[in-house]
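Everything quoted here is computed from the prediction, not taken from an experiment. Note that ligands are numbered from 1 as they come in the structure, with each ligand's atoms numbered from 1 the same way.
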Amino acid sequence: MASPSRSGVFQQSTDRRMEDFAESISFDRRLYPQDIRGSIAHAQMLHSVGLLNEEENRQIEQVLKQIQDDIQQQTFPWSVELEDIHMHIEQSLIDRLGDVGRKLHTGRSRNDQVSTDLRLWVRDAIDRVDEQLVALQRAFVGRCDADADIILPAYTHLQRAQPVLAAHYWLAYCEKFERDRGRLADCRKRVNQCPLGAAAVAGTSLPIDRQDVARRLGFDSVAANSMDVSSDRDFVLEAAFVMAVIAEHLSTWADEWILWSTVEFGFIRLPQEFCTGSSIMPQKVNPDVLELTRGKTARVVGNLQTLLVLIKALPLAYNRDLQEDKPALFDSFDTVEACLQLAPLVVEGMQWNRSAISERLERGYLDATSLMEYMIRQGIPQRTAHHCVGQLVGMAIERDLRLAELSLDDFQRICPGLDNGVYEVLGVENAVRAYCSYGSSAPQEVEKQIARWKDKLSLITL
Ligand code: ARG
């Protein structure tokens with residue numbers, strides 16, 4: 001089967017080994033719905049400007065839909081000779097319609113066609129990932145009420161730092177994924193520009209109507225420079241970057257929970273449906289879902305690197321190198337979508353080990369900062385208070401006591417002005433109650449944030 005792109009200039013057919021080397025059909029066939037949608041819109045536009053008559057347009061649309069059915073029914077024949085999805089669909093149209101089919105490629109090239117298909121694909125993929133992020137945020141917010149009475153040690157440098165409400169912890173992740181949603185929305189704006197009609201590189205002398213095609217395909221605007229369009233893969237880079245950031249966020253969460261699920265930490269129990277056993281050690285319950293989420297992040301980060309290097313140093317405009325963008329881009333979305341599908345289930349099924357957590361809260365002087373801030377409120381300069389609390393912690397460590405177990409005499413020996421009021425800020429519950437700043441783990445602030453998130457998430461209709 002000769003490729004429709006092989007014009008009369010060729011006297012030799014393509015070497016079979018070249019066909020194998022050059023094909024992209026093995027990975028771009030998934031663009032068939034976008035390719036067909038783009039071609040139907042293109043044909044309609046050609047009809048509206050008089051380059052196709054009504055009957056030709058009708059036949060093209062009808063046959064393209066038949067081709068779509070055949071692909072879905074898996075009766076469509078694939079062949080590396082036809083290189084890519086665009087050629088497959090066009091050739092099949094020609095096989096079924098003859099000369100009418102030969103008119104479809106009027107006023108366009110595969111360079112603007114592939115960019116159109118890919119933009120339509122990325123636009124849908126962005127919308128799918130966005131829905132998944134909302135589902136994950138809902139899982140986090142859903143835990144806030146159930147975990148209302150839980151205080152956790154917050155860590156910095158992986159050292160116990162200060163006590164926080166569990167809800168504050170859940171909402172921290174909501175914020176991260178909300179920024180990812182913002183990045184997706186921003187990226188989507190630049191994805192959603194119509195390249196079709198830029199043709200190969202310079203536009204066309206045919207009287208096409210690019211605005212018309214853009215409207216039919218739901219694009220917000222028409223890309224303004226045909227040379228730029230032919231070479232532009234910024235939208236691919238941006239989408240791959242956003243996938244990498246989402247993967248990074250998932251990976252940090254996964255890593256934290258891998259640690260928390262160890263016997264050494266013992267903070268959480270993971271839902272067994274998402275854990276696996278060891279083939280040799282019968283006692284093992286391994287957190288594979290989290291390890292794979294963390295591990296797959298490597299691929300998503302690697303894909304971004306692949307794409308950046310791919311596009312570097314390409315002269316304007318289209319170069320065949322660009323065909324290599326698809327495996328990396330598809331893999332980034334597939335991987336992130338696979339991780340996001342399971343993440344909410346793991347969040348919902350996780351159980352706290354309350355006793356292990358409260359044991360850690362008791363030890364580690366998580367109320368030291370609370371004491372220091374109390375002293376500041378008593379008029380002691382911050383640096384002095386910081387130093388004194390350090391001495392008090394040292395004293396408590398030596399006697400294996402909690403700060404609240406030191407006597408008033410002990411406190412006054414280090415810091416003479418102190419009175420019984422110190423005991424009101426000691427202990428993790430008191431420390432949490434004492435927070436008051438915006439964005440802190442103060443119960444009243446967290447309450448407001450939970451309400452804000454509930455409101456926000458119930459407003460989004462999926
Ligand atoms: N398979 C090609 C790709 O994915 C389609 C565009 C080919 N354009 C060309 N002038 N050879 O990039």
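- Atom OG of residue Ser79 and atom CD of residue Glu23 lie 10.0 Å apart, to the nearest 0.5 angstrom.
- The side chain to side chain donor-acceptor pair (under 3.5 Å) contacts involving residues 149-160 comprise Asp149-Arg354, where partners must be two or more places apart or lie in separate chains.
- With sequence neighbours excluded, the residues forming a side chain to side chain contact (heavy atoms under 4.5 Å, CB included) with Arg128 are Trp121, Asp124, Ala125, Glu337, listed by chain and number.
- Side-chain N/O atoms of Thr252 and Arg294 include no donor and acceptor closer than 3.5 Å.
- Remark: Gln72 engages Tyr32, Gln68, Asp69 in a side chain to side chain contact (heavy atoms under 4.5 Å, CB included) (not counting sequence neighbours).
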Pairs of nitrogen or oxygen atoms, one from ligand 1 and one from the protein, closer than 3.5 Å: please tabulate them with distances.
unit_1   : atom_1 : unit_2 : atom_2 : d
ligand 1 : 1 (N)  : Ser24  : OG     : 3.3
ligand 1 : 1 (N)  : Asp84  : OD2    : 2.8
ligand 1 : 1 (N)  : Gln323 : OE1    : 2.8
ligand 1 : 4 (O)  : Lys326 : NZ     : 2.8
ligand 1 : 8 (N)  : Asn111 : OD1    : 3.0
ligand 1 : 10 (N) : Asn111 : OD1    : 3.1
ligand 1 : 11 (N) : Arg110 : NH2    : 3.4
ligand 1 : 12 (O) : Tyr318 : OH     : 2.5

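- Note on ring orientation: taking the six-membered ring where Trp is involved, the planes of Tyr173 and Phe140 are parallel (angle under 30°, cut-offs 30° and 60°).
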